[in-house]
Amino acid sequence: PRRMVGVMQDITQRKTSEILLQQSHHQLNTAMVASKLGRFDMDYESQHKYNFSPRFLEILGYDSQTETISSEVFEKHIHKNCVQLRLDALKAAKQTGDLFYQTKIVLRDGTQKWIEIYGKLLEPIDGRKAYISGTIRDITENKNYEKNIRESEKKYRFLADAIPQIVWIGEKDGQLTYFNKATMDYSGKNYNDFLGGDGWLEIVHPNEQQENIRLWAKSIRTKKPFFFEHRFRNKDNEYRWFLSRAFPDLDEAGNVKKWVGTSTD
C-alpha cells in the first residue's frame with residue numbers, strides 16, 4: 001500500500017450514551033442483587049421463559065453455575081392448587097399490561113415455597129413479538145410471618161371470647177373495631193350493631209354518655225389510659241355498673257397503634 005485513507009468522526013454523543021447505558025445496567029443489576037430479585041423474559045403466547053438470571057434459577061432450586069433449565073420448566077414447579085390462579089393472572093396481563101400473582105411452588109426435593117411474580121407486557125418492536133419482562137421474588141418468609149400473625153390473632157380472639165369480661169379494641173383514632181362474644185351475650189345485640197357508628201354508645205346509660213365521650217376523646221388526644229365507671233343496659237333492659245379501662249398499644253416512636261379495653265361488671 002502507498003497510503004492510508006481514513007476519516008475521523010466525533011462519537012462523543014454515542015460514547016456518552018453507551019456509558020450511561022452501562023451505568024444504568026450496573027445500577028439495575030446492583031438493585032436486583034440487593035433486593036434478591038430474579039429476572040426473566042417470557043413469550044406471552046407460548047409462555048416460554050428465557051433470559052433467566054442466576055437468582056431466578058436459585059429460587060427454583062437450581063445451581064446457576066452448573067445447571068441450565070428449559071423454557072417450560074417453571075410451570076412444572078407450580079403447585080397444583082395455584083395453576084388456575086396463574087392462568088387468570090396471565091389472562092389479565094393481556095388486558096392491563098401488568099402481570100402479578102403470588103403462587104406456591106414445589107422444588108425438586110419436595111420443598112414448598114411461596115413466590116411473587118411481577119412483569120410488564122412490552123409491545124413488539126423491530127419485528128419482535130410482544131413479550132413479558134418480569135421479576136420473581138421469594139416471599140416464603142413473609143407468608144410464614146402472615147400465617148403466624150393470623151394464628152396469633154385467632155388464638156387471641158379465642159381467649160377473648162372465653163372470658164366473661166367485655167373486651168374491645170379500637171383503632172388509633174378511637175374507632176372501635178372489635179368486641180368479644182361476652183359483649184353480644186350481655187347486650188343481646190349482634191356484632192354489626194356495635195361496629196356501625198356509635199352503636200356501642202346505645203347500651204351506655206344516657207346519664208353517662210356525654211362524660212363517656214369526653215373522657216374517651218381526651219384519652220385519644222393525650223394517649224393516656226382510659227378509665228370510667230358507667231352503666232350498661234343488658235338484653236333484659238336492665239342497667240348494671242361496669243368499670244371500663246383501655247390502654248394504648250404504642251410503637252417505637254410513641255404513636256398509638258391500637259387501643260385495647262375491657263369492661264368489668
Hey, any chance [X] and [Y] share a hydrophobic cluster, counting ILVMFWY side chains that come within less than 4.5 Å of each other, even indirectly?
X: F228; Y: F247; answer: no
X: I169; Y: F227; answer: no
X: Y239; Y: M184; answer: no
X: L159; Y: Y191; answer: no
X: I203; Y: I213; answer: yes

Query - Evaluation steps, side-chain contact (heavy atoms from CB on, under 4.5 Å), between L90 and M42 - result: CA-CA 11 Å; L90 288 169; M42 184 180 78; 3.6 Å; yes

Check your understanding: Under the side-chain hydrogen bond (donor to acceptor under 3.5 Å, both in side chains) test, which residues partner S17, sequence neighbours left out?
Key ->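 S17 satisfies side-chain hydrogen bond (donor to acceptor under 3.5 Å, both in side chains) with no residue once adjacent residues are dropped.
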
For K76, all residues meeting side-chain hydrogen bond (donor to acceptor under 3.5 Å, both in side chains), sequence neighbours excluded: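 Per chain and number, K76 pairs via side-chain hydrogen bond (donor to acceptor under 3.5 Å, both in side chains) with no residue.
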
**Message:** Below 30° counts as parallel, above 60° as perpendicular, anything between as tilted: where do the rings of F179 and F194 land?
**Reply:**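 The arrangement is tilted - the two ring planes meet at 30° to 60°.
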
Do the rings of F74 and F56 sit parallel, tilted or perpendicular, given the 30° and 60° boundaries?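 F74 and F56: tilted rings.
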
Considering all heavy atoms of both residues, which atom of [X] and which atom of [Y] are nearest to each other, and what is their separation?
X: V73; Y: Y62; value: CG2-OH, 3.4 Å
X: Q165; Y: A182; value: O-CB, 3.4 Å
X: L57; Y: I69; value: CD2-CD1, 3.3 Å
X: G38; Y: S53; value: CA-OG, 3.4 Å
X: S263; Y: W168; value: OG-NE1, 3.1 Å
X: G254; Y: K223; value: O-NZ, 3.3 Å

Are [X] and [Y] side-chain neighbours, meaning at least one heavy-atom pair lies under 4.5 Å?
X: K258; Y: K172; value: no
X: I105; Y: I78; value: yes
X: W259; Y: D249; value: no
X: Q102; Y: K143; value: yes
X: V106; Y: Q112; value: yes
X: N234; Y: Y186; value: yes
X: F242; Y: D265; value: yes
X: L250; Y: V256; value: yes

Is there a donor-acceptor pair under 3.5 Å between the side chain of T16 and the backbone N or O of T12?
->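 Here the side-chain-to-backbone pair exists.
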
Hey, does the side chain of E208 reach the backbone of E229 with a donor-acceptor pair shorter than 3.5 angstrom?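 No, because the side chain of E208 does not come within donor-acceptor range (under 3.5 Å) of the backbone of E229.
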
Ion pair [X]/[Y], N-O distance below 4.0 Å:
X: R55; Y: E58; answer: yes
X: E151; Y: K154; answer: no
X: E67; Y: R108; answer: yes
X: E238; Y: R233; answer: no
X: K257; Y: D251; answer: no
X: E75; Y: K49; answer: yes

Kindly determine whether D41 and Y50 satisfy side-chain contact (heavy atoms from CB on, under 4.5 Å), including the steps that lead there.
CA-CA 5 Å; D41 291 328; Y50 53 95; 3.5 Å; yes

Working to the nearest 0.5 Å, report the span between [atom1] of [X] and [atom2] of [Y].
X: E18; Y: I11; atom1: CD; atom2: CD1; answer: 7.0 Å
X: N51; Y: S133; atom1: CG; atom2: OG; answer: 8.5 Å
X: R137; Y: I139; atom1: CZ; atom2: CD1; answer: 6.0 Å
X: K218; Y: I220; atom1: NZ; atom2: CD1; answer: 13.0 Å
X: F40; Y: T135; atom1: CZ; atom2: OG1; answer: 7.0 Å
X: T262; Y: R245; atom1: OG1; atom2: CZ; answer: 5.0 Å

(Q) W200 vs N212, test: side-chain contact (heavy atoms from CB on, under 4.5 Å). Steps then yes/no. (A) CA-CA 11 Å; W200 59 272; N212 192 145; 3.7 Å; yes

- Taking only residues at least two apart or on different chains, which pairs with a member in residues 91-119 satisfy ring pair (Phe, Tyr, Trp, His ring centres under 6.0 Å)?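 Qualifying pairs, neighbours excluded: none.
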
Could you walk me through whether R214 and E211 satisfy the salt bridge (charged side-chain N to carboxylate O under 4.0 Å, His left out) test, starting with their C-alpha distance in whole Å, then the side-chain angles of each, then the deciding distance to 0.1 Å, before giving a yes or no? CA-CA 5 Å; R214 187 187 73 82; E211 185 66 2; 2.8 Å; yes

Could you walk me through whether T140 and D138 satisfy the side chain to side chain donor-acceptor pair (under 3.5 Å) test, starting with their C-alpha distance in whole Å, then the side-chain angles of each, then the deciding distance to 0.1 Å, before giving a yes or no? CA-CA 6 Å; T140 306; D138 185 345; 2.7 Å; yes

Quiz prompt | I115 vs T103, side-chain contact (heavy atoms from CB on, under 4.5 Å): CA-CA, chis, key distance, verdict | solution = CA-CA 6 Å; I115 61 167; T103 181; 3.6 Å; yes

If you count every heavy atom of other residues, nucleotides or ligands that lies below 6.0 Å from Y145 atom OH, does the total exceed 12?
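No.
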
Requested in this report: List the steps, then state whether side chain to side chain donor-acceptor pair (under 3.5 Å) holds for Q84 with D88.
Outcome: CA-CA 6 Å; Q84 188 59 49; D88 292 342; 2.9 Å; yes

